[in-house]
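What you are looking at is a predicted structure, and each value in this text was computed from that prediction instead of being measured.
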Amino acid sequence: MLNRWRARRPLPKGDCDTLEFVAFPSSFSEFLGNAAVVENLRAAIATGRLPHSLVIAGARGSGKYTLALMLAMAQECEVQPREHSSDGRELAGFCGRCRNCTRILESADLEARVDGAIAAREEMRETDKKDTRVLVQTHPDVLIIPPDPPQLMIKLGQIRAVIDRAQYLPTEAAAKVFIITASSFMKEAANSLLKLLEEPPPHVHLILLTENPGELLPTIRSRCAFARLGALPPDEIAELLATRRPEWSRTDRELIGRLSDGAAGRAMAFNLQEYTAARADALTLLAGLQRTNDHSALFRVTETYRSGAEGQIKTAALLRALASLLEDVLMLQSGASDRVRNIDRRKDLERMAQIVSFDWVDSAMRAVDAAHTGMRRNLLRSLSLDALALQLESAQL
Ligand SMILES: [Zn+2]
């Protein structure tokens with residue numbers, strides 16, 4: 001494991017798309033899960049057939065960004081070490097030490113890089129700020145395009161930069177690699193990207209990361225190859241944690257195995273204490289809603305969540321806990337009790353499943369989802385909690 005980034009920065013705990021960053025694997029064999037998908041991509045690189053447009057789809061924390069960076073390294077590595085799969089195919093790897101690998105690796109802590117780019121923009125004159133898009137580049141032939149704040153969307157200016165740079169041949173490596181880390185595009189940006197996808201220059205590889213492929217234009221989807229990082233089963237994650245997080249108790253590891261939604265990166269960085277605190281509030285809130293005329297609990301909870309960055313993190317954690325509990329209630333109501341994640345609160349959940357209607361849970365989940373989206377788009381305010389409170393209150397049990 002190349003641990004120096006981890007030593008430099010605390011683990012990311014915010015609700016952002018870079019949560020999967022824990023420690024960068026030193027080879028493909030350290031990438032957790034989805035072995036067949038990874039092998040196919042490595043075999044494609046070994047034969048010079050990495051798709052020019054590739055979508056990597058998977059849940060938050062499933063390793064999309066890590067894999068994209070590993071593919072970029074394997075594509076650009078000066079050594080490109082080879083291995084063989086069990087069925088005899090040649091698989092490309094990366095050395096992690098050459099000039100290309102090391103510079104690409106500097107983008108591993110995406111959150112820190114994005115923070116740096118945003119800070120640099122903040123220091124500019126107002127007129128220059130407008131024209132400056134957030135981009136991350138630690139190697140001349142590899143460009144990373146994160147969602148641009150405050151809207152956290154991929155913007156036209158960013159795609160224009162991609163198109164512009166895609167016209168030039170690579171200068172220090174075999175190909176030009178562009179990694180777009182989210183699929184929330186402004187409309188003009190998506191249309192503009194489409195033009196590039198229609199006729200990608202032969203030296204260009206575009207990798208698009210998404211939690212939700214449905215968010216992409218069908219015309220974009222149809223022009224891309226797909227690699228899906230599926231969820232790992234809870235017991236596989238618990239097993240992994242037994243070796244990587246032996247200091248956690250067995251019960252905690254099993255619980256986290258369920259709570260991390262099959263995403264290894266999320267499991268390794270899981271803050272159970274923070275989660276259980278948020279979940280306690282979420283349960284108070286839900287219990288308050290079930291007692292008629294007692295909506296004060298809800299407002300008491302949200303009231304303490306208002307201010308500052310801390311409130312922001314707490315609010316995101318509350319929303320995640322709410323979503324997780326509501327989904328469990330839905331599982332119980334639909335007879336899939338083996339898929340309940342909050343196994344330590346099963347009794348509370350079973351009680352709730354008997355009281356509330358399927359429709360109520362459904363509308364509550366939509367409300368939570370809307371609040372979450374609102375927060376991600378507008379990071380400095382958590383007003384969406386008010387809307388959530390009102391919506392939950394007005395829904396029929
Ligand atoms: Zn290398």
Side-chain angles (χ1 to χ4, degrees), residues 16-18 20 34 36-38 40-41 43-45 47-60 62-65 67-69 71-72 75 110 114 131 133-137 141-170 175-231 366 369-370 372-374 376-377:
C16 65
D17 294 314
T18 58
E20 58 217 51
N34 292 288
V37 177
V38 176
N40 287 339
L41 291 166
I45 293 175
T47 52
R49 292 202 187 105
L50 180 67
H52 289 288
S53 318
L54 171 71
V55 171
I56 301 180
R60 192 166 57 93
S62 59
K64 298 183 292 297
Y65 182 67
L67 180 60
L69 224 49
L71 294 174
Q75 174 71 37
L110 181 63
V114 172
D131 301 322
R133 291 293 164 228
V134 172
L135 298 165
V136 172
Q137 184 159 37
D141 297 317
V142 178
L143 184 70
I144 293 150
I145 303 96
D148 196 317
Q151 303 91 334
L152 286 183
M153 299 190 80
I154 305 292
K155 294 182 183 160
L156 181 60
Q158 290 175 300
I159 298 302
R160 281 203 177 129
V162 172
I163 292 171
D164 182 48
R165 294 180 200 202
Q167 308 311 318
Y168 297 96
L169 289 171
K176 282 217 174 280
V177 179
F178 298 93
I179 303 172
I180 300 178
T181 68
S183 54
S184 45
F185 283 84
M186 301 285 260
K187 200 171 165 219
E188 319 84 66
N191 288 331
S192 189
L193 177 71
L194 195 56
K195 292 201 192 90
L196 182 66
L197 292 177
E198 276 165 2
E199 271 179 275
H203 57 273
V204 165
H205 294 281
L206 208 112
I207 306 178
L208 240 159
L209 313 183
T210 181
E211 284 176 35
N212 172 18
E215 208 174 23
L216 294 165
L217 287 177
T219 39
I220 287 184
R221 284 203 303 268
S222 67
R223 283 177 174 81
C224 295
F226 265 74
R228 288 175 203 279
L229 297 180
R366 277 175 213 272
D369 209 41
H372 219 154
T373 310
R376 291 172 62 150
R377 298 260 152 89

query: Which value, rounded to the nearest 0.5 Å, describes the distance between L229 atom CG and N34 atom CG?
result: 5.0 Å

- prompt: Atom CG of L217 and atom CZ of F185: how far apart are they, to the nearest 0.5 Å?
  reply: 8.5 Å

query: Going from CG on L67 to CD1 on I56, what distance comes out if it is rounded to the nearest 0.5 angstrom?
result: 4.5 Å

field: Worked check of side chain to side chain contact (heavy atoms under 4.5 Å, CB included) between L206 and V162
entry: CA-CA 9 Å; L206 208 112; V162 172; 4.1 Å; yes

task: Report yes if some heavy atom in the side chain of L208 is under 4.5 Å from a heavy atom in the side chain of L193; otherwise report no.
output: yes

message: Would you compute the distance between atom CG of D141 and atom CZ of R165 and round it to the nearest 0.5 angstrom?
response: 11.0 Å

Side chain to side chain contact (heavy atoms under 4.5 Å, CB included), paired with R133, selected from D148, I145, I159: D148

- prompt: Side-chain contact, heavy-atom cut-off 4.5 Å: V134 with P146?
  reply: yes

- prompt: Any donor-acceptor pair under 3.5 Å linking the side chain of Q167 with the backbone of D164?
  reply: no

statement: dist E215:CD -> R221:CZ (nearest 0.5 Å) comes out at 10.5 Å

L156/S192 under side chain to side chain contact (heavy atoms under 4.5 Å, CB included): CA gap, chis, key distance, verdict: CA-CA 7 Å; L156 181 60; S192 189; 3.8 Å; yes

- prompt: Taking H205 for the side chain and S53 for the main chain, is one N or O donor matched with an acceptor at less than 3.5 Å?
  reply: no

task: Return the set of residues passing side-chain hydrogen bond (donor to acceptor under 3.5 Å, both in side chains) with T210 (not counting sequence neighbours), or none when no residue passes.
output: S183

task: Verify the neighbour count for atom CD of E198: are there more than 12 heavy atoms of other residues, nucleotides or ligands below 6.0 Å?
output: yes

message: Using side chain to side chain contact (heavy atoms under 4.5 Å, CB included), reason through R223 and L194 one step at a time and then give a plain yes or no.
response: CA-CA 9 Å; R223 283 177 174 81; L194 195 56; 3.7 Å; yes

